[in-house]
Amino acid sequence: MIDLKWLREEPELFRAGARKKRIPCDIDGLLALDARARELQRTVEELRARQNALGKQVAKATGDEKARVLAELSELKGALKDSEAGWEGLKKEIDAGLLRIPQPPAAEVPEGKDDTENKEIKRVGEPTRFDFEPRDHGALAEAQGWIDFERAARIAGSRNYVLIGDLALLEFALMRFALDHMVRKGFVPLSVPVLVRSQCMVGTGYFPGGEEQAYRCDERDDLVLAGTAEVPVTSFHAGETLAEADLPKRYVALSSCYRREAGTYGKDTRGLYRVHQFQKVEQVVVDVADAERSLAHHREILSNAEEVLQALEIPYRVVDVCGGDLGAGQVQKFDIESWMPSRKGWGETHSASRFHEYQARRLELRYRDAQGKVRHCHTLNNTVAASARLLICVLENHQQADGRVRVPAPLRPYLGGRERIGRAL
RNA sequence: GGAGAGGUGGCAGAGUGGCCGAAUGCGCCGGCUUGCUAAGCCGGUGAUCUCCUUAUGGGGAUCCGAGGGUUCGAAUCCCUCCCUCUCCGCCA
């Protein structure tokens with residue numbers, strides 16, 4: 001959520017930001033509501049002040065005097081009720097509108113309408129070349145008996161999978177390696193609920209707007225299956241006022257992630273690329289409200305993820321996501337796209353975002369600065385490793401002509417030291 | 001799932017209808033005193049919104065888990081929800 005006072009002062013900044021993100025919103029309408037609300041607030045507060053003053057007299061007054069004051073009070077009550085109702089109504093409208101005003105993107109964010117206009121800023125490694133006809137991960141895994149899409153569909157519908165044997169172990173290896181990598185860097189590991197209150201979804205910026213992408217429990221509980229550990233982890237200190245000395249907070253969490261993938265019917269229907277559930281290790285940073293420090297963290301969490309891909313010997317590129325492809329809350333986002341031979345292209349495996357105060361304001365996540373002033377924190381997050389898509393990369397890039405798969409060195413300790421998995425096909 | 005207790009300021013903990021934004025203690029900040037980083041003494045010490053003034057400052061409103069209600073008036077009474085704790089049941 002953006003700061004209403006800031007919006008009042010610099011509406012043009014927000015208009016331009018919304019244009020760059022291609023997100024329609026009615027800023028002038030919101031400001032008009034705000035002006036009316038403040039006018040009503042003055043009325044309400046004057047009436048309340050009068051009420052409070054008269055109320056004090058009631059206690060002391062007696063006889064006629066008391067009757068007179070009570071009469072005025074009951075009259076006042078009606079007027080107050082009307083003004084209050086009007087004010088409350090406007091405030092609700094304003095809050096709802098405010099949740100939809102996008103955070104202006106950083107100046108350096110490239111102009112562009114969608115992901116086709118994201119700007120490649122770095123490339124590490126080149127697309128893998130094979131001296132044989134490479135298999136796609138689905139064919140490879142099925143041939144090895146590592147995956148079962150059919151039975152998964154019977155259990156849970158389409159876009160699901162069952163990993164079997166060494167591929168199941170490879171998933172755990174990947175997750176554990178990613179987690180250990182971050183713990184070595186001083187990130188505090190958290191094991192968190194992924195079934196979260198919808199308030200957390202609002203707090204992290206997924207709602208309103210992302211409801212269709214999330215699984216919701218029935219009406220008995222106001223709970224939603226989070227699409228990423230970012231939601232519970234960023235919400236961890238919600239409602240708190242942290243001490244500046246305790247910042248930055250660096251957390252890493254492994255969780256299952258749930259995505260409805262509504263509106264993607266017919267897109268990437270085969271394989272592990274687009275699935276309803278996967279495992280992910282996520283990194284989250286919470287720090288003071290300082291744009292420079294935020295940017296430094298952004299670079300750091302990006303390079304943390306790059307290190308994982310480099311260790312796994314997977315070619316990748318980094319793109320600076322353009323305005324039109326940014327979410328409402330993000331100041332800037334760098335996606336990492338890893339090479340997926342079956343797609344003959346780069347597929348998004350990581351997404352590093354920084355939000356400035358956008359999430360913290362919604363979450364009431366604050367800290368007390370050196371001057372004793374309470375301010376909203378800055379938050380950031382990035383993938384460390386997401387299972388399904390990274391499994392595609394490992395299987396496809398490291399496959400051998402005989403159908404076996406080479407295990408990259410850092411994963412071997414988690415697989416009993418084996419250098420390859422599978423049998424010759 | 002059943003029974004009970006409770007949620008108050010940075011912390012501890014009073015407060016059962018107006019004198020309570022809230023005693024007291026601790027902590028913290030400023031000052032005094034004492035020849036030494038201790039004790040003592042004095043003063044100060046929450047947040048949000050809004051208006052006026054803007055160097056500073058001042059007025060008002062709201063906030064005692066959240067939301068409703070009763071009342072001229074609610075931290076105090078009633079209802080709903082959330083959370084914590086204890087006991088029982090169930091369970092991984």
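What you see is a predicted model; the values in this text were computed from it and never measured.
- Rounded to the nearest Å, the gap between the C1' atom of rG68(B) and that of rC82(B) is 15 Å.
- Under the Watson-Crick or G-U wobble criterion, with both distances below 3.5 Å, rU56(B) is left unpaired in every strand shown.
- Note: Tyr206(A) OH to Arg362(A) CZ = 11.5 Å, rounded to the nearest 0.5 Å.
- Distance check on atom P: rG35(B) versus rG30(B) gives 23 Å, rounded to whole Å.
- Heavy atoms of Lys5(A) sit under 4.0 angstrom from primed sugar atoms or phosphate atoms, though from no base atom.
- A nucleotide of RNA chain B counts as in contact with chain A when one of its atoms lies under 4.0 Å from a heavy atom; the first and last such, 5' to 3', are rG18(B) to rC83(B).
- Remark: the separation of the C1' atoms in rC64(B) and rA14(B) is 13 Å, to the nearest Å.
- Comparing the same atom, C1', in rC26(B) and in rC78(B) gives a spacing of 36 Å after rounding to whole Å.
- If you take atom P in rU24(B) and the same atom in rG58(B), they sit 23 Å apart, rounded to whole Å.
- Taking the six-membered ring for Trp and thresholds of 30 and 60 degrees, Tyr358(A) and Phe355(A) have nearly parallel ring planes, at less than 30 degrees apart.
- Nucleic acid contact class of Arg8(A) (heavy atoms, under 4.0 Å, all strands): sugar-phosphate only.
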Trace of the salt bridge (charged side-chain N to carboxylate O under 4.0 Å, His left out) decision for Glu171(A) with Arg176(A): CA-CA 9 Å; Glu171(A) 180 186 45; Arg176(A) 189 57 206 255; over 6 Å; no
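- rU8(B) and rG4(B) have their P atoms separated by 22 Å, with the value rounded to a whole Å.
- Across all strands shown, Arg68(A) has no heavy atoms under 4.0 Å from either base or sugar-phosphate atoms.
- Within the structure, every pair that satisfies the side-chain hydrogen bond (donor to acceptor under 3.5 Å, both in side chains) test and touches residues 76-89 of chain A, not counting sequence neighbours, is listed here: Arg48(A)-Glu84(A).
- For the residue pair Ser342(A) / Glu396(A), a side-chain donor-acceptor distance below 3.5 Å is found, with atom types taken as modelled.
- Summarising the base pairing, rU45(B) is matched to rG27(B) through a Watson-Crick or G-U wobble pair whose two defining distances lie under 3.5 Å.
- When the C1' atom is compared between rG6(B) and rG15(B), the two are found 16 Å apart, to the nearest whole Å.
- Taking CZ of Arg250(A) as the reference point, atom CD of Glu300(A) lies at 4.5 Å (rounded to 0.5 Å).
- Note: Tyr251(A) and Phe236(A) have perpendicular aromatic rings, judged against thresholds of 30 and 60 degrees for the angle between ring planes.
- A distance of about 22 Å separates the C1' atoms of rU33(B) and rG27(B), rounded to the whole Å.
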